[in-house]
Each structure stands twice: as C-alpha cells, then as structure tokens.
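Reminder, nothing fancy here: chain letters follow the sequence lines and each chain counts from 1.
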Number of protein chains: 2
Amino acid sequence: MAMRDNGTEQLIKDTAKRIFFAEGKTNATTQDIADAAGVTRTLVNYYFRSKDVLFKRVFDEAMIDTRNRFDEVLSAPLAFPKKVEKFIDVFYNEALKFPYKEAFMISEINSHEFALKQKEAPEALKIFLQDIKKEMDNGTIKKMKPMNFMLNLFSLMAYPLLTRPLFQRTFELTDTQYETLLKDRKKMILEILMP
Amino acid sequence: MAMRDNGTEQLIKDTAKRIFFAEGKTNATTQDIADAAGVTRTLVNYYFRSKDVLFKRVFDEAMIDTRNRFDEVLSAPLAFPKKVEKFIDVFYNEALKFPYKEAFMISEINSHEFALKQKEAPEALKIFLQDIKKEMDNGTIKKMKPMNFMLNLFSLMAYPLLTRPLFQRTFELTDTQYETLLKDRKKMILEILMP
DNA sequence: TTTTTGTTTGACATTAACGTCAGACAAAAG
DNA sequence: CTTTTGTCTGACGTTAATGTCAAACAAAAA
C-alpha cells in the first residue's frame, strides 16, 4: 500500500500504551512492544526513529489526553460540588482502565529529562482555581490557598492508587476489597473537601 | 587490610542511596555509582554479586529505615494530634533530605518484581489505626474507615512531593515558593484531618 | 505497463552495561 | 619470617538492546 497509512504507527503506540499503563511493564524493550503488536522491531524504528522518540511520544500524548479529559470536566458549566464529583469519577474511570498510568507518569515527571511542553498553566485549571476561590468567598468550603485545595483533591484521589501494591499486601486485602475501599473514598473525599 | 571491613560496602550503599534518593538519577549504572563512590566497578560486584542485589538491598534498607522512623513516632505515647503533627514533621524532614525517595519507592512498589518482606502489618501501624478508631469513637475526628484516615494523611503529605516537578513548573513557582507552599500545608493538613 | 512511493523484512553492526577471573596487594595470624 | 585471609584492580568475555541498511514488496500514480 502506497497510501499514507498510520494504522501500523497507531498500533505500535497503542500497544506501547497498553504495556506501560495497563500492564505496568515499565522496562519493556522495543522488542517486547513489537512482539506484542505483532510487528517486527524494525518497524518500530521505521515509524519512530528511536526508542526514546517512541517513549516521549507516548508520554506526551498521555499527558495531553489526560489534560483534555480533565479540561472537559473542569471547565464545564456545573455547580461546584457536581464538578468535583464528576472529576473524581473521570479520574477513577481512567485509573481503572490504566492502573499503572499514574505511577508511570510520576516516574517520568521525576526524571531529569522531563520537560513541560506548554509554558502556561492550562486554561481549565485557572478556571477551576477561580471556582475554588469563589466557593471560599461564599464560605462553602474552608478557606485556604486555592492551589492547596486542588493539591488536596489530587492527592486524595491519586495516592491510594500509587501505593496500592504496598497497602493491599500489607493489609492483606483482595482486589475487590481494595476496589471497594477506593469506591468508598469518593464519598469520603467529597465530605472532607466540602464539609 | 585483612580485617572484615564493611567501610567500603557501606560507602557504596550510601553513595547509591544518595544518587537514587537525593539526586534522582534512577537510571544510574553500576559504573555511575562506582565513580561517585570513588571505587572501581569491580568492587561493586565484589561486595554485591550483581546490580540487582545492590538495588534490592538499597530498596529494602530504605523501606526498613522509613518504617523505623515511622514506628518511632506512631507508637510513641503522645496525644493523638501531637502524634499526627510530629509524624508530618518526620515525613517532611526526610523528604527534604531525599527529595526523590518517594518517587523511587513508588516506582519499585509498582514494578512486578516487588515483593514484601514481612508478612504482617507493622505493629506501629496497628497501634496507629487503633488510635484513630479511638478518636473517632470520641468524636474528635470524623467517622470513617480508620484505613481511610491513614490513607488521607499519607496522601496529603506525599502527593505534592511526587508531582512537585510538574506543579512547580506549571504554576511557575520558585523552589522557595514551593517549599513555602509545602510548609503551609502542614497546618492545613492538620485542620482538614482534625477540624 | 512502468514508475514511483511508501511499507515491511532479515541480516548485520554497534554499543553500553554487566559479570568474571586471575592475580596483585596489604594486613593480621601463625 | 611465612601463611592466610580479606581487599582491590585491570583486562577480558558476554550479553541484551538498540540502530542501520539494502533489498523485497505492494499499491497507487504516471
């Protein structure tokens, strides 16, 4: 086929994402990815010049993807509590599909090659911070630096996912038990943040 | 010297810890570590049979070290609020010394080779969970699963450290600004958890 | 058809990181 | 002193992972 066919390229990227984010094989080689995608390794080098390029592309697209997902909720015309609630839902649904994505991103973010593409803070985040400020002025939520409120929300959602392997084994919980725990947290997070 | 001398062995381990936890070079090679320690790479293989062994030892000792630090506070005969406050202090002091330790541990925990040494939950954690339960019964803190309270505490402390490179750059904060933010969080965490 | 263009493959070259080994060396034990 | 034991070094071999290349191939364009 002579037509510009990005089917294979997409397949490789999707496979890489699956391996990294869903299966948690952070040290996968290009061979592993090629095998899983059912193509030869040479093809990986044909579409992406090097392993590094592929990795960075996967990472960047994951960042953008996550941001878009967040933006949609955070800039939606919803009442504040509903917005937060929906945000938690979106976050957990993604986490359910890609259990290792968070941990992967944390690693990359903390690597020294990490560089931000966009310079400014995303518009949606700014809107959300303004929402938070407004709620504080209204007395709906406890007064603090809006940034701290946001950090709290992210923390309470994400951290139990990041440490899941440790906590689940330490307290000898089954998969379903831990998932119940996570599900319970949604209500609890809302109560804590907006008492 | 024919005397059993664990000076060099210790030096290598300490250097590795510094490189991983303080400098954040997670992909450091045995050569890097040997160079930084001022010894030949062969020595690394002499004391630790392989790279894997060295890495696992560093990780395991870091786990134990952290646990001991926590245990000391968590099982101390302190009033609950004081205990939590001190715990946050201990946590942040460690984070200040080893900014990348958390991220490193998260990576390891989420790798598929991760295995827990000890089977049971540490005694100190059990004590802490009982403390929490007691406070809830007393009505001092909001009722929830004690495990969730613990998760919240860890989350609120740790997550802003894990995502520091991302948040700091996104909102264009200087090092001192972010550290101020972190310092402010201590009071805020206490207020949130024990209103 | 022939040509052109993009796709795919297998074989090869390169490299970086790791592990081993024989032997040098120094200090304590005999 | 000689022997023994533990420490250290340099050189070497091995491997796994990556990257490159020429050529085969298929489909669209000429």
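- Taking atom NZ of residue A:K25 and atom P of nucleotide D:dA17, one finds them 13 Å apart after rounding to whole Å.
- Remark: A:T29 is not in phosphate contact with D:dA17, judged by side-chain N or O atoms under 4.0 Å from OP1 or OP2.
- Rounded to whole Å, atom P of C:dT15 lies 18 Å from atom NZ of A:K51.
- OP1 or OP2 of C:dT9 has not a single side-chain nitrogen or oxygen of A:T42 nearer than 4.0 Å.
- Summarising the geometry, the separation between CD1 on B:I33 and P on C:dA16 is reported as 18 Å, rounded to the nearest angstrom.
- A salt bridge is defined here as a Lys NZ or Arg NE, NH1 or NH2 lying under 4.0 Å from an Asp or Glu carboxylate O, and A:R18 with A:D14 fails to meet this definition.
- Contact check, B:Y46 against D:dT7: a side-chain N or O comes under 4.0 Å of OP1 or OP2.
- Although no hydrogens or angles enter the test, the distance criterion places a donor-acceptor pair under 3.5 Å between the side chain of A:D32 and the main chain of A:T29.
- For NZ of A:K86, the number of neighbouring non-hydrogen atoms (other residues, nucleotides, ligands) closer than 6.0 Å is 12 at most.
- The pair B:D175-B:R164 counts as a salt bridge, with a side-chain nitrogen and a carboxylate oxygen less than 4.0 angstrom apart.
- Distances shorter than 4.0 Å separate none of the side-chain N or O atoms of B:T8 from OP1 or OP2 on D:dT7.
- Between B:L153 and the options B:I192, B:L190, B:L193, B:I132, a side-chain contact (heavy atoms from CB on, under 4.5 Å) holds for only B:L193.
- Remark: P of C:dA17 and CZ of B:F48 are 20 Å apart, rounded to the nearest angstrom.
- In this structure, A:L43 places its CG atom 17 Å from P of D:dC21, rounding to the nearest Å.
- A straight line from CD of B:Q31 to P of D:dT9 spans 12 Å, rounded to a whole angstrom.
- Closest approach to the A:R41 side chain among D:dG19, C:dG19, C:dT8 is made by D:dG19 (side chain taken as heavy atoms from C-beta onward).
- Taking atom CG on B:N27 and atom C1' on C:dC18, their separation rounds to 15 Å, with Å as the unit.
- Taking 4.0 angstrom as the limit, A:T30 places none of its side-chain polar atoms (N or O) nearer than this to OP1 or OP2 of D:dA17.
- Across the protein-nucleic acid pair, B:E9 atom CD and D:dC8 atom P stand 11 Å apart, rounded to whole Å.
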